[in-house]
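Heads up: the structure comes next, in structure tokens.
Each chain gets a letter, A, B and so on, in the order the sequences are listed, and its residues count up from 1.
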Protein chains: 2
Amino acid sequence: MRKSVVIAEDHAFTAAGLCAALGEMGVFDIVGVAANGIEAISLIKQTRPDCAILDLSMPGANGLEVLIEARRWSPATRVAIVTGNPSPQILGQLVEAGVDGIFLKNSAPETICAGIRAIAAGEKVIPAEVAGAVRKAGTGAGLTAREIEVLHAIARGLSNAQIGKALGVSAKTVDSHRTTLMRKMGVHSTASLLVLALRDGLIDI
Amino acid sequence: MRKSVVIAEDHAFTAAGLCAALGEMGVFDIVGVAANGIEAISLIKQTRPDCAILDLSMPGANGLEVLIEARRWSPATRVAIVTGNPSPQILGQLVEAGVDGIFLKNSAPETICAGIRAIAAGEKVIPAEVAGAVRKAGTGAGLTAREIEVLHAIARGLSNAQIGKALGVSAKTVDSHRTTLMRKMGVHSTASLLVLALRDGLIDI
DNA sequence: CGTAATATCAGGTGATCACCCCATTCACGC
DNA sequence: GCGTGAATGGGGTGATCACCTGATATTACG
């Protein structure tokens, strides 16, 4: 029995290559291709496919966000994430969110195709190099969702007062989160905080 | 007359999609596909193609390095660079090195195909958004050497006093440079300054 | 039920930052 | 020679940050 699959990938050529490879396997029906995260979410919501293959970095919503929404609207859909340059933190979040498979764009096509077939069959596929990265992320993480939100706001250049307004809390609360972030990351300045967060993939530009 | 072309792209699916699209156009002979920069250089050296399509980020040697080597060994080869996330600084270097065309991976396939055909015909193709980024890089280069030093020190998380000690000047001087940096970059916080500098490739982690 | 973690906020203090004005020196170009 | 800009710094001010000691409410977990 053929499996329905949707693809989300903002680079048209990559999407085309992926479609071609999956088509040749003869076990997948590609029911839709999205060029950004928003499209991907609504596509999954509408078609409830057996399988979704998502690029990690996309305009609108990234692969992680799409994964979470997919889980909400179509829990039976098996989700694979494809990424070019994986950061440990993000991979950790993906695993935590229950992703079914992770693939690197520079892997051999056969590896990826085989992996996707395995995922469609119900397996979980996490390559060794990714698993290593995730292990490393586990030790460094420990930040709460709220703290990450504050981190993102800081990266946008907002002051405590502005962040407070944006998140609907007092500036003092933001200050608390900021202090906690500093302590957890082991730094004492906004600059170091940002550099570390970028290096660890907690935020991006 | 058909043009010979080589492709360098480390993501197999993207390479496949690109090959397919170029093949369908019926005006190109794909004489080789390289999966990294080193392969790309030796391939160009051997085949001296009419046209080379290079990914910017590749293992071994990046698109810029391949471009420079290509110019040395096969000056007649028209070179197009394809990139996912362009940094103004790098784009500036590409233009300076005399690249024939720049394409963004998330552009429409037709746009890219048309552009490649134009390049093969002898034109130069620099999209508006890229040209804008390059222009901005020109202004970003308006920073002085001393200001860049201070920028790097800030990114290392040092305070004005520490930077002053490190550079052998007073904290007040550092403060002046910092103020000038803020004005030149059009921001009002250390966080924004860092994010902008990172985005523009002025500093990295 | 206890307790641990999280999120919320206040008051306060000293350090630092962002930015203003200003002066000096030095190099480069017209 | 004279203007321009870079690099150097001093003085000063108000905003903001970094961090502290608390307090309270909610949620989660054993």
Where is the tightest heavy-atom contact between Gly157(B) and Ala191(A), given as atom of each residue plus distance? CA-CB, 4.1 Å
Presence of donor-acceptor pair under 3.5 Å, side chain of Asp175(A) and base of dC19(D): yes
If you take any heavy atom closer than 4.0 Å to DNA chain D, which residues from residues 163-171 of chain A end up in contact? none
Within a radius of less than 6.0 Å around NZ of Lys124(B), do more than 12 heavy atoms belonging to other residues, nucleotides or ligands occur? yes
Rounded to whole angstroms, how far apart are NE2 on His188(B) and C1' on dA15(D)? 14 Å
Report the distance from atom CG of Leu143(B) to atom P of dG5(D), rounded to the nearest whole Å. 16 Å
Spell out yes or no: do the side chain of Ser159(B) and the base of dC17(C) have one donor N/O and one acceptor N/O closer than 3.5 Å? no
Shortest non-hydrogen pair, Thr190(B) vs Arg178(B), comes out as OG1-NH2, 3.2 Å
Might you point out which heavy atoms bring Arg78(B) and Ile119(B) nearest each other, and give the distance in Å? NE-O, 3.1 Å
Quick one: Leu181(A) CG to dA7(C) P, roughly how many Å, whole number? 10 Å
Heavy atoms under 4.0 Å, any strand shown: does Thr144(A) hit a base, just sugar-phosphate, or nothing? sugar-phosphate
Could you state the CZ-P distance from Arg183(B) to dG5(D), rounded to the nearest angstrom? 11 Å
For the student: nearest non-hydrogen atoms of Thr77(B) and Arg71(B), plus distance: O-NH1, 3.0 Å
Which of these passes side-chain contact (heavy atoms from CB on, under 4.5 Å) with Ile53(B): Val82(B), Val33(B), Val79(B)? Val82(B)
Hey, are the side chains of Phe103(B) and Cys113(B) touching, using non-hydrogen atoms and a 4.5 Å cut-off? no
Can you tell me how far C1' of dT26(D) sits from CZ of Arg146(A), to the nearest Å? 14 Å
Could you state the CD-C1' distance from Glu147(B) to dA7(D), rounded to the nearest angstrom? 10 Å
Identify which nucleotide among dG9(D), dA7(D), dA10(C) has an atom closest to any side-chain atom of Lys172(B), counting heavy atoms from C-beta outward. dG9(D)
Please check the phosphate of dA18(D) (OP1 and OP2 only) for any side-chain N or O of Thr190(A) closer than 4.0 Å. yes
Matching residue for Ile7(A) among Cys51(A), Cys19(A), Pro49(A) - test: side-chain contact (heavy atoms from CB on, under 4.5 Å): Cys19(A)
Quick one: is dG9(D) close enough that its OP1 or OP2 comes under 4.0 Å of any side-chain N or O from Thr173(B)? yes
For dT16(D), does either OP1 or OP2 sit under 4.0 Å from a side-chain N or O belonging to Arg178(A)? no
Between dA18(D) (P) and Leu193(A) (CG): distance, integer Å: 8 Å
Round to a whole Å and report the spacing from NZ of Lys184(B) to C1' of dC19(C). 16 Å
Within the structure, does a side-chain N or O atom of Asn160(A) lie under 4.0 Å from either OP1 or OP2 of dT16(D)? no
Kindly say if His177(A) contacts the phosphate of dT8(C), meaning a side-chain N or O under 4.0 Å from OP1 or OP2. yes
For Ser189(B), answer base if it contacts any base atom (sugar-phosphate contacts may also be present), sugar-phosphate if it contacts only those atoms, and nothing otherwise; contact means non-hydrogen atoms under 4.0 Å. sugar-phosphate
Side-chain N or O of Thr179(B) less than 4.0 angstrom from OP1 or OP2 on dC17(C)? no
